[in-house]
Amino acid sequence: MLPATPTKNAIVIGVAAAFGQEIILRLAEDGYNVSAVDKDTSSLTSSGKCINLINIERTDQPKLAALFAALKQIDLLVINVPLTLADTRFVDITDDQFAAAMHYFFFDVVAANQIAYPYLVNGARIVHVSSKGFLGAWGGAHTIAASAALVAYTRSLSLELTERDITVNTVAPDFVGSKWDQTNARTKVANAVAFFAAPNNGVSGETLLVDDGRSLRMTESRRRTPY
């Protein structure tokens, strides 16, 4: 007997960035028909699964709209914008750098959501993959600010889409290129995306830290410092 053809459509935008490969493979394993989108997908593999690699720049709104219309229905939208921490002091960040960061890590995400909205089925899932930058970090205040904006936006959007039972959540891993950015950690990020994509998980508007508890342990260690 031939395997059943997937009936649910997942679109993953930003697949050439960190975590993209792991995410599309996990979603295909979960039975999605995956459209994997980025400017250049040549570095990715579909491994014979139901993954369609599509070369579209994620800022090309007309082409994204045409893709969404061709699919007719979207059950899961994943927008992957992981963050590499910039070793740049606030006083050295130019206005153009700040604007570029806000566009890349925030405004373009909002635009993709708006374009996808008419094609999202009732009960669809939206998952943003960003970083733990919203907690703050030394250097790169422009990218950190964009990460924090996405977290607040996720909460607000989840409220607006409740009437259609559409959930919106964010996965927040460690910074790309840090010593913790390892293969097994990237798999855990994909698992977190799959959790938010699952039906009836009762979660919306939340940001899930995927850092093996490191942020928590740092807080606890300060509490234990002798007075």
Side-chain angles (χ1 to χ4, degrees), residues 12-14 17-20 22-23 58-59 77-114 125-162 166-182 185-197 201-223:
V12 185
I13 299 174
F19 315 119
E22 292 80 8
I23 291 170
R58 70 187 186 92
T59 59
L77 174 65
V78 180
I79 306 178
N80 184 40
V81 284
L83 194 154
T84 300
L85 189 60
D87 188 20
T88 308
R89 295 172 51 193
F90 169 72
V91 294
D92 297 324
I93 300 171
T94 66
D95 289 347
D96 286 344
Q97 288 174 320
F98 221 116
M102 292 301 295
H103 273 282
Y104 185 87
F105 294 106
F106 182 52
F107 295 150
D108 291 343
V109 176
V110 175
N113 281 326
Q114 290 177 325
R125 302 289 185 255
I126 298 174
V127 183
H128 305 133
V129 181
S130 180
S131 81
K132 66 176 186 179
F134 70 96
L135 296 175
W138 195 99
H142 52 330
T143 57
I144 296 298
S147 177
L150 186 58
V151 169
Y153 167 74
T154 293
R155 294 185 67 83
S156 295
L157 186 60
S158 71
L159 291 172
E160 292 198 30
L161 301 187
T162 298
I166 296 173
T167 64
V168 189
N169 292 288
T170 293
V171 177
D174 266 305
F175 300 111
V176 176
S178 70
K179 65 180 181 180
W180 298 290
D181 179 20
Q182 304 294 332
R186 294 192 174 193
T187 300
K188 292 174 182 177
V189 171
N191 291 341
V193 172
F195 166 72
F196 281 140
N201 59 29
V203 182
S204 188
E206 297 301 325
T207 295
L208 178 62
L209 279 169
V210 184
D211 68 349
D212 285 322
R214 278 182 290 277
S215 299
L216 177 63
R217 290 196 294 271
M218 289 173 62
T219 302
E220 181 66 14
S221 67
R222 285 194 292 271
R223 280 189 58 197

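All residue numbers refer to positions in the sequence shown, counting from 1.
For the atom pair Met102 CE and Ser147 OG, the distance stands at 10.5 Å (nearest 0.5 Å). Rounded to the nearest 0.5 Å, atoms OH (Tyr104) and CG (Leu83) are 9.5 Å apart. Interatomic distance, Gln182 CD to Asp212 CG, rounded to the nearest 0.5 Å: 11.0 Å. Annotation: the span from Thr162 atom OG1 to Leu157 atom CG amounts to 9.0 Å, rounded to 0.5 Å. Atom NE2 of His128 and atom CZ of Phe105 lie 14.5 Å apart (nearest 0.5 Å). Atoms OG1 and CG, on Thr84 and Asp181 in that order, are 8.0 Å from each other to the nearest 0.5 Å.
Val203 has its side chain within reach of Phe195: a pair of non-hydrogen atoms, C-beta onward, lies under 4.5 Å apart. Contact check for Leu85 versus Lys132: no side-chain heavy atoms found under the 4.5 Å cut-off. For the pair Val193/Asn80, no side-chain contact is recorded, criterion being any heavy-atom separation below 4.5 Å from C-beta on.
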Can Thr59 and His103 be said to form a side chain to side chain contact (heavy atoms under 4.5 Å, CB included), step by step? CA-CA 10 Å; Thr59 59; His103 273 282; over 6 Å; no
As a quick check of understanding, evaluate side chain to side chain contact (heavy atoms under 4.5 Å, CB included) for Asn113 and Val168, giving each step before the final call. CA-CA 10 Å; Asn113 281 326; Val168 189; 5.8 Å; no
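Among all heavy-atom pairs drawn from Ala101 and Ala146, the shortest one is O-CB, 3.7 Å. Residue Pro173 comes nearest to Val189 through the heavy atom pair CB-CG2, 3.5 Å, listed as atom of the first residue, atom of the second, then distance. For Phe175 against Ala137, the heavy-atom pair with the smallest separation is CZ-CB, 4.0 Å. Nearest approach of Ala185 to Trp180, heavy atoms of both residues: CB-O, 3.5 Å. Residues Phe196 and Glu206 share a closest heavy-atom pair of CZ-O, 4.4 Å. The two residues Phe98 and Ala141 make their nearest non-hydrogen contact at CZ-O, 4.1 Å.
Residue Asp95 places its CG atom among 12 or fewer non-hydrogen atoms of other residues, nucleotides or ligands, all under 6.0 Å distant.
In terms of the salt bridge (Lys or Arg N to Asp or Glu O under 4.0 Å) criterion, Asp108 has no residue partners (sequence neighbours excluded).
No donor-acceptor distance shorter than 3.5 angstrom exists from the side chain of Ser156 to the backbone of Tyr153, with no hydrogens or angles considered. Here the side chain of Thr154 pairs no donor or acceptor atom with the backbone of Gly205 at under 3.5 angstrom.
Of the residues Thr167, Leu161, Thr170, Asn169, the one that meets the side chain to side chain contact (heavy atoms under 4.5 Å, CB included) test with Ile126 is Leu161.
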